[in-house]
Amino acid sequence: MNETIEPNNNVLSSSKKAKFGIFIAGACGVVVGGLYAVATPFVLPAFRRVCLPFVPATSRQVDNVFKVLNGRTGTLVDLGSGDGRIVIDAAKRGYNATGYELNPWLVWYSKITAVRERVKGNTNFYRNDLWKTDLSQYDNVVIFGVSSMMEQLESKLSNELLPGSKVVACRFPFTGWTPSQTIDEGIDSVWLYDITKVLLKQDEAHKLKTDS
């Protein structure tokens, strides 16, 4: 006599749950992996001499930059331009604006944004190391730096920029220079430096040292 074995519903249910759990885990892995692949180029350091992770400027920070520049025109460069928002905003305000950035994904993103914002003709983005870039052609310089690089940058800017140029430092000031203007506080702080005054002060200090 053949004996009929009834299927164990509990076993089948557990098997289905296990397969469904594996599917969900796999799907989540694909989603997380995809998000990581997209986000990684924007948050990784741009491999500069001083490691600078990409931290987007806030709208308030961008506004503060142009408040201290107070309607100046001419050429403007953003050192470590990130996603290009300073350069693009500058172009909208009439500047011939340039951004230097080592992260190729951010350079690509900036160029696409400039096209979308219809300022391609007044913007340039280059994948350059700021330490190897000649800055003498620029009337206005913007830098979102870190404290460990400011002293080196002081030397580079004072050696390359021409009298009449202005420098805007965001988040961290130059410790050896006296700002012409400071606005806001905390992360939104902005310091404006007049290169003419910086050079005069350096000449005076050199003269005093020589006379002594």
Side-chain angles (χ1 to χ4, degrees), residues 46 48 50 52-101 110 117 119 122-125 128 130-131 133-209:
R48 300 170 177 85
V50 178
L52 295 180
F54 168 55
V55 180
T58 65
S59 297
R60 184 168 173 175
Q61 289 170 332
V62 175
D63 288 341
N64 286 342
V65 167
F66 295 104
K67 279 181 183 178
V68 295
L69 287 176
N70 193 27
R72 281 173 60 84
T73 57
T75 55
L76 179 145
V77 62
D78 184 9
L79 304 178
S81 54
D83 63 0
R85 63 185 64 191
I86 291 285
V87 174
I88 289 169
D89 203 313
K92 291 178 179 179
R93 296 169 185 261
Y95 292 90
N96 184 1
T98 299
Y100 289 106
E101 170 63 48
S110 299
E117 295 292 329
V119 291
N122 294 328
T123 61
N124 290 287
F125 294 96
N128 280 15
L130 68 87
W131 303 106
T133 301
D134 180 10
L135 303 176
S136 61
Q137 61 183 301
Y138 297 107
D139 304 312
N140 308 280
V141 178
V142 180
I143 175 71
F144 282 76
V146 293
S147 57
S148 58
M149 71 182 289
M150 302 309 280
E151 185 176 350
Q152 283 180 299
L153 196 55
E154 279 182 21
S155 177
K156 178 177 176 62
L157 293 173
S158 60
N159 287 333
E160 296 181 12
L161 294 181
L162 299 177
S165 300
K166 297 291 180 72
V167 178
V168 180
C170 307
R171 297 181 182 153
F172 292 93
F174 291 101
T175 56
W177 292 356
T178 301
S180 300
Q181 184 181 356
T182 303
I183 63 171
D184 223 319
E185 58 186 5
I187 194 172
D188 294 316
S189 297
V190 166
W191 296 265
L192 177 70
Y193 300 90
D194 186 330
I195 290 299
T196 301
K197 294 180 180 179
V198 169
L199 295 177
L200 285 173
K201 188 174 181 179
Q202 289 179 347
D203 287 342
E204 291 172 359
H206 178 71
K207 185 177 179 180
L208 288 173
K209 186 177 180 180

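Residues: numbered from 1 along the sequence shown. All values below come from the heavy atoms of this structure, side chains included, with hydrogens, waters and symmetry mates left out.
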Going by side-chain contact (heavy atoms from CB on, under 4.5 Å), name the residues that satisfy it together with Ser110, two or more places apart in sequence or in a different chain. Phe125

Please identify each residue that fulfils side-chain hydrogen bond (donor to acceptor under 3.5 Å, both in side chains) with Asn122, with sequence neighbours left out. none

Sequence neighbours left out, what pairs pass salt bridge (Lys or Arg N to Asp or Glu O under 4.0 Å) with at least one residue falling in residues 134-156? Lys156-Glu160

Under 3.5 Å, side chain of Thr73 to main-chain N/O of Gly94, donor-acceptor pair present? no

Quick one: list whatever passes side-chain hydrogen bond (donor to acceptor under 3.5 Å, both in side chains) with Asn64, sequence neighbours left out. Asp184

Side-chain contact, heavy-atom cut-off 4.5 Å: Asn124 with Asn96? yes

Can you name the side-chain hydrogen bond (donor to acceptor under 3.5 Å, both in side chains) partners of Tyr138, sequence neighbours left out? Tyr100

Side chains of Val198 and Leu161: does their closest heavy-atom pair fall under 4.5 Å? no

My understanding is that only residues two or more places apart in sequence, or in another chain, count here; which of them pass salt bridge (charged side-chain N to carboxylate O under 4.0 Å, His left out) with Lys92? Glu117

Do Asp89 and Arg93 meet the salt-bridge criterion of a basic N to acidic O distance under 4.0 Å? yes

Residues that Leu199 engages under side-chain contact (heavy atoms from CB on, under 4.5 Å), provided they are two or more places apart: Ser158, Pro163, Ile195, Gln202

Quiz: residues 175-183 side-chain donor-acceptor pairs under 3.5 angstrom, not counting sequence neighbours:
{"unit_1": "Thr178", "atom_1": "OG1", "unit_2": "Lys201", "atom_2": "NZ", "d": "3.2"}

Please name the residue in the list Asp194, Val68, Asn70, Thr196 that meets the side chain to side chain contact (heavy atoms under 4.5 Å, CB included) test with Lys166. Asp194

So, using side-chain contact (heavy atoms from CB on, under 4.5 Å) as the criterion, who are the partners of Ser189 when residues are at least two apart? Glu185, Trp191

Minimum side-chain heavy-atom gap Leu192-Leu69 below 4.5 Å: yes

Can you sort out the partners of Asp188 under salt bridge (charged side-chain N to carboxylate O under 4.0 Å, His left out), two or more places apart, ordered by chain and number? Arg60

Can you pull out every ring-ring contact (aromatic ring centres under 6.0 Å, His included) where at least one residue sits in residues 67-88? Sequence neighbours excluded, please. none

